[in-house]
Each structure stands twice: as structure tokens, then as C-alpha cells.
Amino acid sequence: MKFTKIKDKDTSLSVFEKLPFQPKRIYYMQGMDYFDVRGKHQHKKNRQVLICVKGDCVITVKSIDKHIEQNDYIILEPSDWHIMKNFSDDCILLVLASEEYDKNDYIR
Ligand code: T46
């Protein structure tokens with residue numbers, strides 16, 4: 001995966017390309033509190049790319065904390081048990097998913 005930030009005077013355009021899979025679903029979350037803890041699962045089949053569009057947060061993948069801020073991304077394989085926490089008030093987390101939503105794909 002490749003990230004490029006194109007700057008033009010006061011604006012910028014962020015490009016993510018060479019995606020590791022063809023997304024079938026895109027969702028994003030916002031409005032989380034610092035002490036909210038999301039995720040706490042792994043998947044059977046679903047691969048995902050988490051992109052911090054705004055603000056910052058911490059993603060724990062297999063017990064390792066990674067602090068991400070604007071334009072940072074993390075690729076999650078199905079077996080990557082993950083949690084999302086320590087959200088800034090303005091955090092927006094965008095997720096590209098390789099599969100349609102299926103509640104039976106979750107291992108909690
Ligand atoms: C993941 C992390 C990174 C749907 O109906 N459709 C959807 O596509 C999604 C993603 C969720 N939902 C429903 C299911 C729950 O009733 O939205 C509610 C909140 O979902 P959940 O508690 O799973 O949210 P998170 O933030 O814990 O996890 C989400 C994804 O569900 C999960 O696949 O890996 O973000």
C-alpha cells in the first residue's frame with residue numbers, strides 16, 4: 001500500500017493506492033470518547049485497512065499498541081486480534097473491508 005500527500009497552497013489531498021485487496025465495504029467511525037474501547041475481536045475471513053482520517057488514537061494489534069494519527073494506516077489480517085482506544089475528540093477512523101458485513105465472521 002502506498003500513501004502520498006499532495007500539497008497545494010493551504011490545501012492537501014491524501015492518496016492511498018496499491019490497496020492490499022479490493023474493498024467490498026467502507027465504513028468510518030467518529031464521536032468516540034478517550035476511554036471508549038472498540039473492536040476486541042479478530043475475524044475469520046475479513047481483511048481490513050484502518051485509516052486515521054482525522055485526530056489520533058491507539059490501535060492494539062496482537063497486544064502491541066500503535067499510536068496512529070492523520071493519514072497513518074494499519075492493515076489487519078483476519079487473525080489480527082485488535083482493539084481501538086484512546087481516541088482524540090476529533091478522531092475519524094475510516095475502514096476498508098475486504099468482505100461484506102457478517103456478524104458470524106467475528107471471533108470475540
Ligand atoms: C472491526 C473494527 C475495526 C453493521 O451493521 N455493519 C457494519 O458494516 C459494521 C462495521 C458494523 N455494524 C453494526 C454492528 C454493531 O451493531 O454496527 C454496530 C457497531 O459495530 P461493532 O461493535 O462491531 O464496532 P467496532 O468498532 O467494535 O468494530 C468495527 C467493525 O465491526 C469490526 O469489523 O474490525 O471496527
Side-chain angles (χ1 to χ4, degrees):
M1 193 153 147
K2 182 184 170 198
F3 166 68
T4 313
K5 186 171 187 175
I6 301 161
K7 292 183 179 176
D8 177 22
K9 294 183 183 169
D10 294 334
T11 72
S12 69
L13 192 153
S14 296
V15 183
F16 297 86
E17 53 196 331
K18 300 188 187 301
L19 302 179
F21 51 81
Q22 183 76 40
K24 287 185 182 160
R25 179 167 53 109
I26 298 173
Y27 59 93
Y28 64 88
M29 57 189 77
Q30 61 187 329
M32 294 75 71
D33 289 333
Y34 183 81
F35 293 108
D36 285 347
V37 180
R38 308 281 295 249
K40 292 185 278 186
H41 59 252
Q42 61 190 66
H43 286 275
K44 295 178 185 169
K45 188 176 174 193
N46 192 31
R47 301 179 73 199
Q48 300 190 105
V49 178
L50 276 55
I51 302 174
C52 184
V53 175
K54 192 174 181 188
D56 66 280
C57 66
V58 172
I59 312 287
T60 307
V61 183
K62 290 182 171 170
S63 303
I64 297 173
D65 281 353
K66 299 180 184 182
H67 177 258
I68 62 169
E69 51 194 24
Q70 191 174 43
N71 292 325
D72 290 337
Y73 64 86
I74 288 181
I75 298 172
L76 292 178
E77 296 301 332
S79 65
D80 288 337
W81 185 87
H82 56 278
I83 70 172
M84 302 92 81
K85 61 184 182 181
N86 300 162
F87 301 97
S88 62
D89 285 348
D90 60 348
C91 184
I92 299 177
L93 196 58
L94 175 73
V95 183
L96 314 182
S98 67
E99 308 301 323
E100 307 283 3
Y101 178 68
D102 175 4
K103 63 178 173 32
N104 295 315
D105 189 65
Y106 289 68
I107 301 172
R108 299 195 185 268

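Read the numbers this way: they start at 1 and go in the same order the structure lists the ligands and their atoms.
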Heavy atom of the protein closest to atom 22 (O) of ligand 1 (residue, atom name, distance): R108 NH2, 4.9 Å
Test of ring centre spacing under 6.0 Å for F16 and F3: yes
Heavy atom of the protein closest to atom 14 (C) of ligand 1 (residue, atom name, distance): Y101 OH, 3.3 Å
Reference residue D105; test side-chain contact (heavy atoms from CB on, under 4.5 Å); the match among H41, E100, E99, K45: K45
Over 12 foreign heavy atoms within 6.0 Å of CD, Q22: no
Contact atoms of ligand 1, heavy-atom distance to G39 under 4.0 Å: 25 (P), 27 (O)
From the candidates H43, M84, M29, the one that places a heavy atom nearest atom 3 (C) of ligand 1: M84
Min heavy-atom dist E100 to ligand 1 below 4.0 Å: no
From CA spacing to verdict: side-chain contact (heavy atoms from CB on, under 4.5 Å), N86, C57: CA-CA 5 Å; N86 300 162; C57 66; 5.7 Å; no
Protein contact of atom 35 (O) of ligand 1 - nearest heavy atom, named by residue and atom, plus distance: Y27 OH, 3.2 Å
Any donor-acceptor pair under 3.5 Å from N71 side chain to V53 backbone: no
Shortest non-hydrogen separation from I51 to Y73 and the atoms involved: CG1-CB, 3.9 Å
Protein residue, atom and distance nearest to atom 34 (O) of ligand 1, heavy-atom basis: Q48 NE2, 2.6 Å
Protein contact to atom 31 (O) of ligand 1 [nearest heavy atom, distance to 0.1 Å]: Y106 OH, 2.6 Å
Under-4.0 Å heavy-atom contact with ligand 1, by part of H82 that carries it: side chain
Exercise check, heavy-atom protein proximity under 4.0 Å to atom 16 (O) of ligand 1: no
Considering all heavy atoms, the nearest L96-F21 contact: O-CZ, 3.5 Å
Distance from atom 20 (O) of ligand 1 to nearest protein heavy atom, with residue and atom: R38 NH2, 4.9 Å
Among Q48, K62, K40, R38, side-chain contact (heavy atoms from CB on, under 4.5 Å) partner for H82: Q48
Flag: protein heavy atom within less than 4.0 Å of atom 5 (O) of ligand 1: yes
Proximity winner for atom 28 (O) of ligand 1, if only heavy atoms of M32, R25, H41 are counted: H41
Sequence-distant partners of H67, ring-ring contact (aromatic ring centres under 6.0 Å, His included), two or more places apart: none
Atom 1 (C) of ligand 1: any protein heavy atom closer than 4.0 Å: yes
